[in-house]
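Quick note: residue numbers are just sequence positions, from 1.
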Amino acid sequence: MTPDRRLIGSVVALAVLLLTLAVGFVSHAALRSFEAELKPELEREATIVGSIGAQTLQRALDLGVPFDGLSGLDEYLTTLLATQPGLAYVLLTDAGGRVVARAGEAQAEFRGLPPGSAPPDRGAVTRLLGRSYDAAQPLLANGRLAGWVHVGIARARLDTALGDMRWDVLVVLLVVLLATAEFLRFILSRTVSAPIAMVLRLQARLGAGDWTVRAPGDIGAEAGRVARHLNVLVRRMNDRWERLCWLAAESSAARRTTAILAEVGGKLRFGAATATEGLGAGAASARLPLFLFVFAEQLSTSFNPLHALALAGGDSGVLGAALPIATFVAAVALATPWGGEIVARRGPRAAMMWGILPAAIGHLGAALAPDVASFAVARAVCGAGYAIVTIACQVHLAQEAPRGRVARSLGGFTAAVMTGAVCGTAIGAVLADRLGFRLTYGVSMLVVLGIGLLVWAQFAPGGGSAAPRAGLWRSARAAFAEPRFAVLVVLAAIPAKVLLGGFIFFLAPLELRELGLSQAAIGRNVMLYGLCMLPAIVVGAWIADRSGRGGLVIAAAGVLNGAGLMLPLWLAPDIALPGAIIATGVAQGLAAAPMLAIIPDIARGAVGSAAMLSFLRLAERFGSVVGPPAAASLLALGGGRQTMLVLGILSLATAIGYALALLFRSARREDPA
């Protein structure tokens, strides 16, 4: 690890630690304050219901009906219990605390007020009794205490509210930490890493004998001071060289000394500083806009099918609910070649601006869509912008990557995408729970417009090329003529994206809703996919690099994904669904890096790896297009459990088929005949 990377890692780790402690303390205090404020509200609710019930009974006692002569009490208390949802029980006790009539389920530890308890001047006697808040209203007969009306509100309501808030706080904390790491990485790269890297490059060129280069003069901080000192050194060295050449020409042995200096000048380069060692934008300049763009897009991931289902007319429109997801992914697939052409000709900065515009328009259209058809069109526009922006960032990361670290830089692309997906899914669920679906799309549009300003300020213009490229169809035929690539696409890449689009983005939110979860809880469960995929990407790359068996890692990931989707065979739905989401995230993460690492080896005898990677991405988009409508059709025919089982069988079958293809190829290669 280079010193600047070590510095950035240390600063990010320290900032995240301090932020975690601060946010944790504030969150704990906020939860305690919330509980303290909510408890009186629950007690007040119980008091109001109790006072309403006590008024009727008190009127009967005032008319001379003896307490023991009250009739129809159980029916009356049952009616009173039904007036307010969330009540645990309504009880009537005598002055000694003995229960006379009841409605609802009082806990075993319920005890009436002890004999001799004085009635309050006004209101009720409130207490925490087991897991319920109990409010007791007195009943008086001839000025003496005759009994009590007890109304209990289960503490489960408070516990549920506190539980949801704790999860929301944890989700926000996670998002804040991930976003802080991205912003710190961006700032430190611009102010520390990039200047240090520029100084090191300048030193390397000077050490190699090139004294015609200089550093930019507008760098601040310590790196700027070092750069200015190097510029002074370059100027002095050139001045001394010119003086030495003049003295040699004026000496008595001018011919001999001039020849010696000419030999030295052939190995070194002197002269006026004609080249500037640029600062370099660095990979972080694309990573932060990419993170924010994916964050904006993923704000709606947890409720896209739910919103589409509502626009399509409820459960009867389940097939129509899959249409917006399919149109989004189809637009991404169709716009990817066009986006690559824009990047190649105009450069990453222009392509980013071209992609941000339709993305913002698409989010606005999704917010205003009156029906599922217009919503699907808006999502398709978003997909076109997504395709252009992501491919522009990927090209920019490859261009800015130091020599020998292209794979690590592109790994940063995957990490930024997944981090943005995790943060966007989590925050989007919270926003949708509080603002509604349409306003959340508006928030996405505002974030995308902000990214446009960031790209305009941070990206350098240019970077395109007008060089002719090979024909698309010729490259496609050459790529799919390679058997290893065709097998990888058909048995690994496409099935993986079918499962991702069909299960994670379509089926899981609908099935989680059937379990009665809130929108925030649905978002948290879907977020598990990204959280599990992030570390799995690193693990999959490490295993593939160490073992050299990337293909078997891909096959094992497919088996794991299939087994996870078949969890409903053995577990209850509330456990099987999160388990399947986790298994899918781990499996997709394990296979991501090995799938990309296989391409350069396959491409040696067929077509360039860059073109083959684009065809791999196109095939994955095809799988993502097929996934949601396929899952919707299966859901309409057999229900969610059966749909998960079919998808699991598909994953197992294709993974085993891919493993057998690898073993068959290995056996043929080892066959001496």
Side-chain angles (χ1 to χ4, degrees), residues 175 178-180 182-187 189-191 194 279-301 328 331-332 335-336 338-369 377-400 412-413 416-421 423-425 427-428 431 435 438-464:
V175 171
L178 293 175
T180 299
E182 290 295 334
F183 278 97
L184 277 177
R185 186 179 288 110
F186 174 77
I187 294 172
S189 176
R190 301 290 298 181
T191 59
L279 186 62
S285 62
R287 178 162 172 159
L288 180 63
L290 177 63
F291 163 77
L292 292 174
F293 186 83
V294 176
F295 171 84
E297 173 56 45
Q298 295 294 321
L299 285 176
S300 59
T301 296
F328 174 84
V332 173
T336 297
W338 182 51
E341 185 69 22
I342 295 176
V343 176
R345 294 187 177 275
R346 303 284 185 177
R349 182 175 184 257
M352 284 281 283
M353 300 306 298
W354 278 58
I356 284 172
L357 181 60
I361 294 174
H363 289 305
L364 179 61
L368 302 177
V377 172
R379 293 300 296 155
V381 176
C382 287
Y386 184 88
I388 299 172
V389 170
T390 51
I391 196 170
C393 289
Q394 192 169 14
V395 171
H396 182 76
L397 285 167
Q399 290 177 349
E400 293 293 334
F413 170 86
V417 169
M418 291 312 304
T419 303
C423 296
T425 302
I427 292 296
L431 290 177
L435 302 179
R438 296 186 183 274
L439 285 180
T440 304
Y441 287 115
V443 173
S444 297
M445 181 196 67
L446 294 177
V447 174
V448 169
L449 293 177
I451 297 168
L453 298 177
L454 179 64
V455 171
W456 184 268
Q458 296 297 333
F459 272 52

| said: Going by ring pair (Phe, Tyr, Trp, His ring centres under 6.0 Å), name the residues that satisfy it together with F295, two or more places apart in sequence or in a different chain. | reply: none
| said: Going by the rule side-chain hydrogen bond (donor to acceptor under 3.5 Å, both in side chains), which residues pair with T440 if we only count those two or more places apart in sequence or in a different chain? | reply: none
| note | Here the gap from Y386 atom OH to R379 atom CZ, rounded to the nearest 0.5 Å, amounts to 10.5 Å
| For S444 and L299, which heavy atoms make the closest approach, and how far apart are they? | OG-CD1, 3.3 Å
| Residues in side chain to side chain contact (heavy atoms under 4.5 Å, CB included) with A367, at least two apart? | Y441
| Under the side chain to side chain contact (heavy atoms under 4.5 Å, CB included) test, which residues partner V381, sequence neighbours left out? | P358
| remark: The side chain to side chain contact (heavy atoms under 4.5 Å, CB included) partners of A380 (sequence neighbours excluded) come to T327, A331
| Nearest heavy atoms of A359 and C382, plus distance in Å | O-SG, 3.8 Å
| note | Value for CG (L449) from NE2 (H363), rounded to nearest 0.5 Å, stands at 9.5 Å
| remark: Between V448 and A296, the two heavy atoms sitting closest are CG2-CB, 3.8 Å
| task | Mind checking the CE-CG spacing from M352 to L357? Nearest 0.5 Å is all I need. | result | 13.5 Å
| message | Just to verify, what does A351 make a side chain to side chain contact (heavy atoms under 4.5 Å, CB included) with, not counting sequence neighbours? | response | I342, V343, I388, A392
| field | Closest contact, heavy atoms only, V455 versus P289 | value | CG2-CB, 4.0 Å
| note | Scanning both residues in full, the closest heavy-atom pair of A378 with G365 reads CB-C, 3.6 Å
| remark: Nearest heavy-atom contact between L292 and V447 is O-CG1, 3.9 Å
